[in-house]
Student: 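One structure is given below, represented as structure tokens, and several questions about it will come after.
In what follows, chains are A, B, ... by sequence order, proteins preceding strands, each numbered from 1. Being a predicted model, the structure only gives us computed values, none of them experimental.
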Amino acid sequence: MNIRTRFAPSPTGHVHIGNIRAAIYNWLFARHEGGKFLLRIEDTDRERSTPEAVKTVLDAMAWLGLNYDEPPVYQSTTTQTHLAAAERLLKAGHAYKEDKGGTGQGECIVFKMPGTDMAFHDEIKGELKKAAADMKDFVIVRSNGTPVFHLANVVDDIHMSVTHIIRGDDHIENTYRHVALFQALGAPVPKYAHLPMIVNAQGKPYSKRDGAAYVGDFKEKGFLAEALFNYLALLGWSPGGDREVMSRDEMAKLFTFDRVQSSAAQFDVQKLEWMNGVYMRSLPREELIAGARAAMEKQGVWNDAIAPDYFARVIETLGERIHFFTDVADQAGYFFSDEYPYDEKAVQKRLKKEGALDSLRELRERFAALSDFTAAATEQALRKLAEEKGTGAGALVHPVRVAVSGRGEGPSLFHMLEVLGKDRVLKRVDAALARFAA
RNA sequence: GCCCCCAUCGUCUAGAGGCCUAGGACGCUAGGUUCUCAUCCUAGUAACAUGGGUUCGAAUCCCGUUGGGGGCGCCA
């Protein structure tokens, strides 16, 4: 059997994480089965479905690497097949016309439910059933002549030969209608897998109010696509055992419906952040550099005068302290400008301390005497002075750090000094000395 | 109101009758490494909603209860 899954978003301008997670599961399942993953844009809502909104969907797919195997199907181009299907249903007695109130002036077409109890096997939830009395006939073509979601969705799935429908479990009730439609249209009923919802701390559907909820939000915040993909895949699915950080190929290899949770999952940004850190740390140097630079350009703080070699050394020095690309500008701006702010608390604690400025002054002279300003050299000079003064190295390290960076924390001091260079270090120490002497 | 779905640490989960005095991860706490921060290492914290069954034995099977969620559109 040729497995065919599809992601069928309605372009609204945003792609919700719940939806993209459904897309991920569709993709994973198709890849696991060696089948095809398709994309259908349900752009029949002319109001919201602008070209930009469609682009948002396509961009999100591309960013996460959710490649589809056939050109996307735009629902706005398949309306005629929906209406033709409605005609067939009418002829076969599966639907009837009605004219009680509505949006248009004509008659609408109503699909007649079979009138029997219904049941279907859900790949995740198991046997699901519904009594005939609890199901009502429903409109499939509006009185203004346009097809309703249920009809369009089913007819397109038939034409696209979709074999597995993987979607949120808020669609369970719709499934009975859809199964009836497939049957009435004489088409094979696809298999269904209903995914549990992604909820917030209150157990309600996760929304924008709960924080970043759209794919674009995460991209903007600097999360890596691979990390978001991995995290989302694990939100409701587990490969079993202790495995968590995996490549998408590994996930595809391991993905099966029987390992998908049937209860809702709460979105936990902290864990996503941790996972992002794992991916961040494993990033090749070049990618880290490119990402950091791109972030700075976006933040408007990139300067073409920054030499590639210097930038590379800054990134190297910052190393694992970079959790997000934006951290470079946000936490290490002093590498790129002499106009850095002094953290008041750090100044109080390290520079306004008894004897701190005197020590700093002495250290400045030692540094000035250094012929080569390597990390090893500054470290040796600093430790020697500390020893002579009978203080711990920290009593000298901290004041210098605050003086040259304005911050109480940061990368290894000696490497930082080496990257900054002798001239700048001395100049900054002098400036700090003058500024905080009073 | 009616119908449907769901229920293991705060969170994501492992567990498919004995391997469970319930494992891992995130978080949190305490240590260690270190010039700070970050990383890393170690330890600790904390759960089978509840009541009945079934069984020699139940987190695992069945039923009820409670709680949470979803659906009842000429929206998608």
Side-chain angles (χ1 to χ4, degrees), chain A residues 8-12 42 44-45 48-49 75 98-104 106-110 122 124-126 128-131 133-136 138-150 152-153 168-176 194 196-199 201-205 231 234-245 258-259 261-275 277-278 280-281 318-323 327 331 346 349-350 379 382-383 386 392-402 405 407-416:
Chain A
S10 161
T12 60
E42 305 209 330
T44 49
D45 183 339
R48 293 184 296 175
S49 301
Q75 195 163 66
E98 199 171 78
D99 65 353
K100 56 162 191 202
T103 51
E107 294 178 303
C108 65
I109 300 177
V110 180
D122 187 275
I124 294 169
K125 311 255 183 190
L128 262 27
K129 53 186 190 306
K130 191 111 175 156
D134 297 319
M135 295 179 286
K136 293 187 296 188
F138 58 97
V139 174
I140 50 177
V141 177
R142 299 185 187 85
S143 46
N144 67 7
T146 58
V148 168
F149 162 73
H150 304 294
N153 197 264
D169 66 10
D170 49 336
H171 276 292
I172 287 182
E173 305 291 331
N174 289 334
T175 301
Y176 297 99
H194 286 98
M197 306 262 90
I198 292 179
V199 302
Q202 288 70 242
K204 305 279 186 191
Y231 176 73
L234 253 29
L235 201 56
W237 169 75
S238 160
D242 300 338
R243 311 207 44 192
E244 290 202 315
V245 178
D258 61 338
R259 302 210 62 94
Q261 205 75 7
S262 52
S263 54
Q266 195 173 312
F267 190 81
D268 180 8
V269 209
Q270 285 190 310
K271 185 147 188 179
L272 203 213
E273 284 172 352
W274 163 77
M275 189 166 274
V278 172
M280 206 67 173
R281 270 169 246 130
L318 254 19
E320 300 185 324
R321 269 157 285 254
I322 305 173
H323 292 172
D327 289 346
Q331 292 168 27
K349 189 173 175 192
R350 291 5 295 209
E379 175 160 15
L382 185 145
R383 288 194 189 283
L396 291 171
V397 167
H398 300 306
V400 194
R401 175 188 301 288
V402 177
S405 75
R407 299 184 142 256
E409 85 299 315
S412 153
L413 178 75
F414 306 109
H415 289 97
M416 185 168 113

Student: Just name whichever nucleotide pairs with B:rU54, Watson-Crick or G-U, keeping both distances under 3.5 Å, else none.
Tutor: none
Student: Any chance you could measure A:L413, atom CG, to A:L382, atom CG, to the nearest 0.5 Å?
Tutor: 7.0 Å
Student: Measuring only the C1' atom in each nucleotide, how far is B:rU55 from B:rC28? A whole number of Å is fine.
Tutor: 41 Å
Student: What contact category does A:G236 fall into here, base, sugar-phosphate, or nothing, at under 4.0 angstrom with non-hydrogen atoms?
Tutor: sugar-phosphate
Student: Students often get this wrong, so: under 4.0 angstrom with heavy atoms, is A:E273 touching a base, only sugar-phosphate, or nothing?
Tutor: nothing
Student: Please determine whether any donor N or O and acceptor N or O are separated by less than 3.5 Å between the side chain of A:S412 and the base of B:rC35.
Tutor: yes
Student: Does the structure show a Watson-Crick or G-U wobble partner for B:rC2, both distances under 3.5 Å? Name it, or say none.
Tutor: B:rG71
Student: Heavy atoms only, 4.0 Å cut-off, all strands: where does A:A265 land among base, sugar-phosphate and nothing?
Tutor: sugar-phosphate
Student: Could you check whether the side chain of A:E173 and the base of B:rG70 have a donor-acceptor pair of N or O atoms closer than 3.5 Å, going by distance alone?
Tutor: yes
Student: For the C1' atoms, the ones on B:rG67 and on B:rU8, what distance do you get once it is rounded to whole angstrom?
Tutor: 16 Å
Student: Heavy atoms only, 4.0 Å cut-off, all strands: where does A:R350 land among base, sugar-phosphate and nothing?
Tutor: nothing
Student: May I ask you to say what A:Q270 touches in the nucleic acid, namely base, sugar-phosphate or nothing, with a heavy-atom cut-off under 4.0 Å?
Tutor: sugar-phosphate
Student: What's A:N174 touching, base or sugar-phosphate or nothing? Going by heavy atoms closer than 4.0 Å.
Tutor: base
Student: Using a cut-off of 4.0 Å on non-hydrogen atoms, how would the nucleic acid contact of A:L413 be classed: base, sugar-phosphate, or nothing?
Tutor: base
Student: What does A:F138 touch in the nucleic acid at a heavy-atom separation under 4.0 angstrom: a base, only the sugar-phosphate, or nothing?
Tutor: nothing
Student: Classify the nucleic acid contact of A:H323 as base, sugar-phosphate or nothing, counting any heavy atom under 4.0 Å across all strands shown.
Tutor: sugar-phosphate
Student: Count the heavy atoms belonging to other residues, nucleotides or ligands that lie under 6.0 Å from NE2 of A:H171, then report whether that count exceeds 12.
Tutor: yes
Student: Would you indicate, yes or no, if B:rC35 has its OP1 or OP2 atom less than 4.0 angstrom from a side-chain nitrogen or oxygen of A:R407?
Tutor: no
Student: Any side-chain N or O of A:S262 below 4.0 angstrom from OP1/OP2 of B:rA7?
Tutor: yes
Student: Categorize A:P205 for me: base, sugar-phosphate, or nothing, with a 4.0 angstrom heavy-atom threshold over every strand shown.
Tutor: sugar-phosphate
Student: Just to be sure I understand the rule, does A:G394 reach a base, reach only the sugar-phosphate, or reach nothing, if contact means heavy atoms closer than 4.0 Å?
Tutor: nothing
Student: Considering every strand shown, what is the Watson-Crick or G-U wobble mate of B:rA43 when both distances are under 3.5 Å?
Tutor: B:rU29
Student: Using atom P in both nucleotides, what's the gap between B:rG10 and B:rC2 to the nearest angstrom?
Tutor: 33 Å
Student: Would you tell me if any nitrogen or oxygen in the side chain of A:K204 comes within less than 4.0 Å of OP1 or OP2 on B:rG69?
Tutor: yes
